[in-house]
Amino acid sequence: MINTVDKTSFRRLFFALTLPDTLQQNMVQWRADNFPPQAGRPIAAANLHLTLAFLGEVSHAKAQVLQQQAGRISQPGFNVTLDDIGHWPGSGVVWLGCKNPPRGLLQLAQLLRSQAARSGCYQAPLPFHPHVTLFRGAIRPVAIPARTTNEIFPVNSFSLYESVFARGRTRYKIVQSWPLAAREEKEI
Ligand code: ATP
Ligand code: MG
């Protein structure tokens with residue numbers, strides 16, 4: 001028997017929240033107005049996202065299991081407020097985040113990460129710190145603006161993304177999305 005692994009069936013996958021188009025555009029404008037050009041490598045508007053769980057290189061069969069499990073998640077939507085900002089010089093990342101992440105966001109990420117771990121997708125032992133990466137390659141000191149955009153966006157779904165590197169750039173493609181349940185009226 002020929003024992004070959006079909007490399008093409010492995011994809012680089014992660015679960016993430018999509019940011020609304022207008023928010024992506026606003027963030028890029030705000031970034032241009034508030035950071036010097038040498039701060040780092042700016043992430044393209046369409047690539048701004050909030051990662052929930054990173055899966056790594058995943059086989060088709062394993063992805064199917066993870067997609068089935070994601071489809072069984074039942075929890076209400078929530079709002080995310082991007083009111084925090086920071087710089088991790090070690091990883092060269094400048095980010096926007098939440099001072100007080102909503103419980104729904106933490107629960108969703110926790111569930112996806114534990115399902116991923118049970119399927120054998122390595123999960124770093126670091127606590128989950130929800131963030132949107134603004135710059136990569138920011139390894140020198142960066143003057144961080146005192147205030148963020150303070151944008152609030154509603155989250156009513158989450159998605160599985162494939163990360164594709166081609167012709168010198170990384171693009172993300174949505175593989176599948178799942179709705180979150182309707183919220184109680186008082187929370188909207
Ligand atoms: P590139 O690596 O090509 O510069 P990228 O980091 O945006 O671009 P990926 O490395 O495919 O693309 O990562 C996709 C998403 O998963 C990003 O949000 C990234 O921060 C996150 N990610 C990547 N590697 C890990 C990891 N080892 N642990 C946790 N999250 C990760
Ligand atoms: Mg990367």
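In each ligand, atom 1 is the first atom listed, and ligand 1 is the first ligand listed.
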Note to self: Can you see whether Arg169 engages Asn47 through a side-chain donor-acceptor pair at a distance of less than 3.5 angstrom?
What the structure shows: no
Next item on the list: Measure up the Trp95 and Trp88 rings against each other and bin them: parallel (under 30°), tilted (30 to 60°), perpendicular (over 60°).
Entry: tilted
Checklist line | Under 4.0 Å from ligand 1 - residues by heavy atom, chain and number | finding: Arg12, Phe14, Arg41, His49, Thr51, Phe54, Arg136, Ser163, Thr170, Tyr172
Check: Who are the side-chain hydrogen bond (donor to acceptor under 3.5 Å, both in side chains) partners of Gln64, not counting sequence neighbours?
Finding: none
For residues 142-154, tabulate all N or O donor-acceptor pairs below 3.5 Å that involve a side-chain atom, not counting sequence neighbours.
unit_1 : atom_1 : unit_2 : atom_2 : d
Thr148 : OG1    : Leu82  : O      : 3.1
Thr148 : OG1    : Asn150 : N      : 3.1
Glu151 : OE2    : Asn26  : ND2    : 3.3

Next item on the list: Could you check whether the rings of Phe158 and Phe15 sit parallel, tilted or perpendicular, using 30° and 60° as the cut-offs?
Entry: tilted
Check: Which pairs with one or both residues in residues 52-79 pass ring-ring contact (aromatic ring centres under 6.0 Å, His included), sequence neighbours excluded?
Finding: none
